[in-house]
Amino acid sequence: MFSASSASAAPSGTTGAPPGRGILRPAAALLLSGLVAATALVGAGPAAADEPGRHHGGAAAVLDGLKTFDSAVLRVKGRNGEPDRTQEVAAGLFEMTVDGGGKLKTYCIDLHNPTQDQAKYLETPWAETSLNSNRDAGRIRWILQHSYPQVDDLAALAKAAGTGPLTDRTAAAGTQVAIWRYSDGADITARDKQAEKLADWLHRSARTVKEPRPSLTLEPAAVSGRAGERLGPVTVRTDADQVSVAPAADAAAGGVRVTDGKGVTVTDAADGDRLYFDVPKDTADGTASLGVQATASVPVGRAFAGTDRTQTQILAGSSESTVTAHATATWAETGAAPALTARKNCAEGGVDVTAANRGDEPYTFELAGAEHTVAAGETRTVTVPVAEDQAYDVTVTGPAGFSRTFTGVLDCATSGSVLEKESEATAGAGNDVGTRSAEQSVPATTGSSTSGLEGDLAETGGSRATSTIATVAMGLIVLGGGAVFLLRRKQPHAHGE
């Protein structure tokens, strides 16, 4: 059995999650501080939110700011009889520093949402970002593959596009403008004539390309079973030639090994390899983790979402960078043996918590007043509703002190589409929310300078974030601007419940 509670995120930099007991988990540093190594996985004890619960694997990075850019003009359609408005914005390439080493170059795919200073980003599947419902997501990847900086011969790019001479700045601006037309449906024009010609050519020429594979992930990220068995398999998915593999240090001290299907200890692996947790017989009920790490170039077109509310990005180029992933195993001598994972479900507007029960007893819990049971040997997914732009913090606990926390922000739509819905909801109110918010929300220039640009380049940042949706998802209790969810263990009636 398990219980889970969730609350709105605390202020930036905190989690507000209750401590867990009896669980081996990777240190938060694995994803957020860059201290990525095979021995960075630590053992049991109280902890704050399980930061890896945010991450499917791959690169984690910190935003350095907008570095190569020029200006563009955004047109915001007037409402309620008001005239259209225009605003000058910065358009170009951001840079990020990867935890553990490496650099990324990215473009924005959320025009109306500003970045936050030194925002932390995680490599994220398209389905869990605003690209989830964007039919043109594949065209954005085509643009990335056929323009700057992937095409760094600017003379050749200018010839192909028929633009005339291009610089790094105008090539970046033209590429960003073309992307915004597909990511946000924006009415936007590059200020420079050559950059605008490039944007038009890219927009007109783009074709649909499939989403790239993740740089590194483990599937599934959690397994369970009995001591004395090999628990798994966990399959490695990566673009790297080879990844290093290691169990948590104290798990290894307790005799837990990472093996292949034949029981041979594994210290490195390749794409498609299957890994197992070999847990010695008579080992006390518990949980262990394994970590994998590689140095790889992250595929162009991978999305990067912030751990807090910030502008979603898409990868335009990568140096050789550190990428990581982790998986957990839980075992119990008798009773339920849960393996828990969570993913954002943009299609349903929530977070999917999946429980696989490899024990010999049913796994019963309540969610929003409804009782759910996972029979022995079965798997069940429950969707916890979360409002758009809402922080979530879902802690799941179970037998033998098992605890797992999943945190993040549900960011499934561009801020422009959110503003559009808000505008429709307030139409005729005399003060159009969409127009007002759009005026205050433009691409961020965090860490960059506006010197050398003509005109009034709008300033942006955390202090000018767009307003978020006020709608509360079904089953949520709103406290202090956040959402609180309750998943509670179903106790036997003998316990007084």
Side-chain angles (χ1 to χ4, degrees), residues 58-59 61-72 89-98 101-109 121 123 137-183 188 190-213 215 239-241 295-304 313-323 443 445-449 452-453:
V62 174
L63 186 70
D64 294 328
L66 187 61
K67 299 297 185 180
T68 307
F69 63 94
D70 205 85
S71 58
V89 298
L93 274 170
F94 291 82
E95 291 185 6
M96 297 186 190
T97 298
V98 178
K103 289 285 188 178
L104 306 177
K105 293 185 176 183
T106 61
Y107 286 108
C108 163
I109 52 172
Y121 282 82
E123 185 178 339
R139 295 178 186 269
I140 295 172
R141 190 185 180 202
W142 186 98
I143 291 171
L144 294 167
Q145 292 174 325
H146 292 82
S147 192
Y148 183 76
Q150 285 301 300
V151 180
D152 58 4
D153 184 339
L154 296 181
L157 180 60
K159 182 177 180 180
T163 63
L166 291 167
T167 66
D168 290 352
R169 285 171 48 160
T170 57
T175 306
Q176 178 66 91
V177 166
I179 289 171
W180 276 330
R181 292 174 183 174
Y182 280 126
S183 65
I188 191 164
R191 176 72 76 181
D192 179 83
K193 291 182 179 179
Q194 280 72 38
E196 174 60 16
K197 287 182 179 179
L198 175 61
D200 285 343
W201 177 75
L202 291 169
H203 185 249
R204 183 175 62 251
S205 303
R207 301 292 182 267
T208 298
V209 182
K210 292 193 301 184
E211 178 180 7
R213 298 195 327 158
S215 60
D239 270 359
D241 293 334
T295 299
S297 180
V298 183
V300 169
R302 290 296 290 169
F304 279 78
Q313 306 273 316
I314 194 164
L315 188 71
S318 169
S319 69
E320 290 293 296
S321 300
T322 299
V323 294
T445 56
T446 303
S448 64
S449 169
L453 288 178

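On a predicted model such as this, the values are computed, not experimentally measured, just so you know. One is the number of the first residue; the rest follow in order along the sequence.
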**Separation between CG of L93 and CZ of F69, rounded to the nearest 0.5 Å** = 11.5 Å
**Request:** Can you measure from CD (Q176) to CG (L66) and round to the nearest 0.5 angstrom?
**Result:** 8.5 Å
**Item:** Within-4.5 Å side-chain heavy-atom neighbours: L144 and I179
**Value:** yes
**Asked** Out of curiosity, L104 CG to L63 CG, how far, rounded to the nearest 0.5 Å?
**Response** 10.5 Å
**Any donor-acceptor N/O pair, R141 side chain to V300 backbone, under 3.5 Å** = yes
**L166 versus L154, closest heavy-atom pair with distance** = O-CD1, 3.7 Å
**Message:** I'd like to know if the side chain of S205 reaches the main chain of W201, judged simply by a donor and an acceptor atom lying under 3.5 Å from each other, with no hydrogens or angles considered.
**Reply:** yes
**Prompt:** Which pair of heavy atoms, one from Y107 and one from Y148, lies closest together, and at what distance?
**Reply:** OH-O, 2.8 Å
**Asked** Quick one: do R302 and E211 make a salt bridge, cutoff under 4.0 Å?
**Response** yes
**Whether Y182 side chain and H203 backbone form a donor-acceptor pair below 3.5 Å** = yes
**Item:** Spacing of CD belonging to E95 relative to OG1 belonging to T68, to within rounding of 0.5 Å
**Value:** 6.0 Å
**Request:** Output the distance between atom OG1 (T175) and atom CD (Q150), rounded to the nearest 0.5 Å.
**Result:** 11.0 Å
**Message:** With heavy-atom distances below 4.5 Å as the criterion, would you say the side chains of V89 and I188 are in contact?
**Reply:** yes
**Asked** Looking just at side-chain N and O atoms, do T97 and K103 make a donor-acceptor pair shorter than 3.5 Å?
**Response** yes
**Message:** Tell me the closest heavy-atom pair linking A206 and W142, and the distance in Å.
**Reply:** CA-CE3, 3.4 Å
**Asked** Are R213 and D239 close enough for a salt bridge, meaning some N to O gap below 4.0 Å?
**Response** yes
**Item:** Heavy-atom closest pair, residues K105 and P149
**Value:** CD-CG, 4.3 Å
**Prompt:** Any idea which heavy atoms bring A91 and V177 closest together, and the distance?
**Reply:** CB-CG2, 4.4 Å
**Request:** For S318 and V298, indicate whether the former's side chain and the latter's backbone hold a donor-acceptor pair under 3.5 Å.
**Result:** yes
**Item:** Full working for side chain to side chain contact (heavy atoms under 4.5 Å, CB included) between L157 and L198
**Value:** CA-CA 9 Å; L157 180 60; L198 175 61; 4.1 Å; yes
**Fill in**
Heavy-atom nearest pair, M96 first then D64, reads C-OD2, 3.6 Å
**Message:** Tell me whether the count of non-hydrogen atoms from other residues, nucleotides or ligands lying under 6.0 Å of CG in D153 goes above 12.
**Reply:** yes
**Request:** To the nearest 0.5 Å, tell me how far E123 CD sits from S215 OG.
**Result:** 3.5 Å
